[in-house]
Amino acid sequence: LIYGEFIEPFWGAVMKYDKHPLTFEQQIDRLIERGLNVPNRSLAIRTLQTISYYRLSAYFLPFQKESNKFDEGVKFEDIFQLYEFDRRFRLIFMDAIEWVEVGFRAHLTYYLAHQKTFGPWGYIDVKNFEGHFKHQEWLDKVREDVKISKEVFVRHFFDKYSEHGDLPLWMMTEVISLNRLSIFFRFLKKEYRHGLAQEFYDLPSQVLASWLESLTYIRNVCAHHSRLWNRDLPVSPKIPRGAKQWQSYSKKVFNVVMVFRNVIPQADRWSKFAGDLASLIDSYPQVNLKAMGFPENWNEALLDGRNKG
């Protein structure tokens with residue numbers, strides 16, 4: 001079924017939503033009416049049955065100079081190929097995010113656990129955070145995450161150490177989301193943030209915090225299988241001072257590639273990411289890379305190696 005399309009309202013206007021659901025056959029008819037070439041109708045219907053019209057409609061825009069009218073010669077396959085590129089693009093990003101996220105959890109836990117003023121229970125103490133941090137609100141959410149967790153180690157800990165109401169740091173950081181973890185780092189006292197960022201990433205802590213925030217957003221986009229191609233980031237990763245090949249003032253995902261180049265923990269994993277990304281781009285030469293913020297010399301950033309800015 002199609003439940004309607006995006007409507008851009010006029011300010012102050014009251015608009016009634018009166019779209020009606022269409023069958024798969026009617027959805028194809030709608031696309032043909034709008035100028036799309038559909039050589040294989042049955043294949044197109046099967047595609048809509050597995051993807052949905054509404055999800056696929058996010059990829060219509062580059063093929064339409066006029067609203068609700070496809071450019072001459074555009075085929076259904078063109079739209080599907082852009083969708084398929086984006087699907088594979090997300091999978092490559094999600095793989096890289098896993099490496100970065102798991103590595104950061106390890107670094108954060110190790111560093112804080114070995115600070116005499118922090119240790120296994122330091123996250124419970126508000127004095128270990130910046131004064132403007134809503135610590136109790138964050139801690140309540142952490143405790144809720146722990147409460148609903150199905151991890152065996154959580155149940156085992158509370159069964160064995162029933163006098164404790166909270167998990168030690170190294171268990172807690174394995175339970176909470178990347179978003180919660182990113183907030184945790186961002187509002188740590190300056191001495192902890194700077195120490196961790198310098199020891200493991202050789203970065204200013206505010207740069208690392210912005211990268212984590214951007215990666216959290218990208219992770220959520222990928223996890224929900226949403227469009228990553230041509231997406232603007234609500235939070236752009238900060239560019240390190242003196243860095244080269246980054247795209248200044250860009251809200252596109254190329255700068256996230258540059259983040260990966262700096263924080264993917266092992267060289268062989270970076271090589272795999274760079275190789276997979278280059279291979280994907282070579283397989284879809286029709287895809288507009290500028291829509292993702294990629295410069296003309298994007299491949300140099302992949303081939304130049306790591307930690308060169």
Pairing of E144 and K141 as salt bridge, 4.0 angstrom limit: no

What residues, two or more places apart in sequence or in another chain, satisfy side chain to side chain contact (heavy atoms under 4.5 Å, CB included) together with R55? I51, S52, Y83, H225

Between F187 and F129, is the ring centre distance below 6.0 Å? no

Determine whether more than 12 heavy atoms belonging to other residues, nucleotides or ligands lie under 6.0 Å from atom NZ of K238. no

For residues 276-292, tabulate all N or O donor-acceptor pairs below 3.5 Å that involve a side-chain atom, not counting sequence neighbours.
residue, atom, partner, partner atom, Å
D276, OD2, K272, NZ, 2.7
S283, OG, S279, O, 2.9
Y284, OH, R88, NH1, 3.4
N288, OD1, K290, N, 3.0

State plainly whether one hydrophobic cluster holds both V256 and M94, where clusters connect Ile, Leu, Val, Met, Phe, Trp and Tyr through side-chain heavy atoms under 4.5 angstrom apart. no

Go through the steps for F254 and F294 under the test ring pair (Phe, Tyr, Trp, His ring centres under 6.0 Å), then give the verdict. CA-CA 5 Å; F254 178 76; F294 278 56; 5.0 Å; yes

Got R105 and L181 here, is their nearest side-chain heavy-atom distance under 4.5 Å? yes

So for atom CD, which belongs to E296, do other residues, nucleotides or ligands contribute more than 12 heavy atoms lying within a distance under 6.0 Å? no

Are E130 and R193 close enough that some pair of their side-chain heavy atoms sits under 4.5 Å apart? yes

Do F118 and L188 make a side-chain contact, defined as non-hydrogen atoms from C-beta onward lying under 4.5 Å apart? yes

Partner residues of Y111 under the side chain to side chain contact (heavy atoms under 4.5 Å, CB included) criterion, sequence neighbours left out: Q115, L196, E199, F200

Steps toward side chain to side chain donor-acceptor pair (under 3.5 Å) verdict (D140, Q136): CA-CA 6 Å; D140 287 343; Q136 189 59 52; 2.8 Å; yes

With ring centroids as reference points, do F93 and F260 lie under 6.0 angstrom apart? yes

Taking atom CZ of F153 as the centre, does the number of heavy atoms from other residues, nucleotides or ligands within less than 6.0 Å exceed 12? yes

Does the pair T173 and Y123 meet the rule for a side chain to side chain donor-acceptor pair (under 3.5 Å), with working shown? CA-CA 10 Å; T173 54; Y123 73 93; over 6 Å; no

Ring centers of F60, Y53 separated by less than 6.0 Å: yes

Under 4.5 Å between any side-chain heavy atoms of K75 and D78, yes or no? yes

Ion pair present between R41 and D29, side-chain N to carboxylate O less than 4.0 angstrom? yes

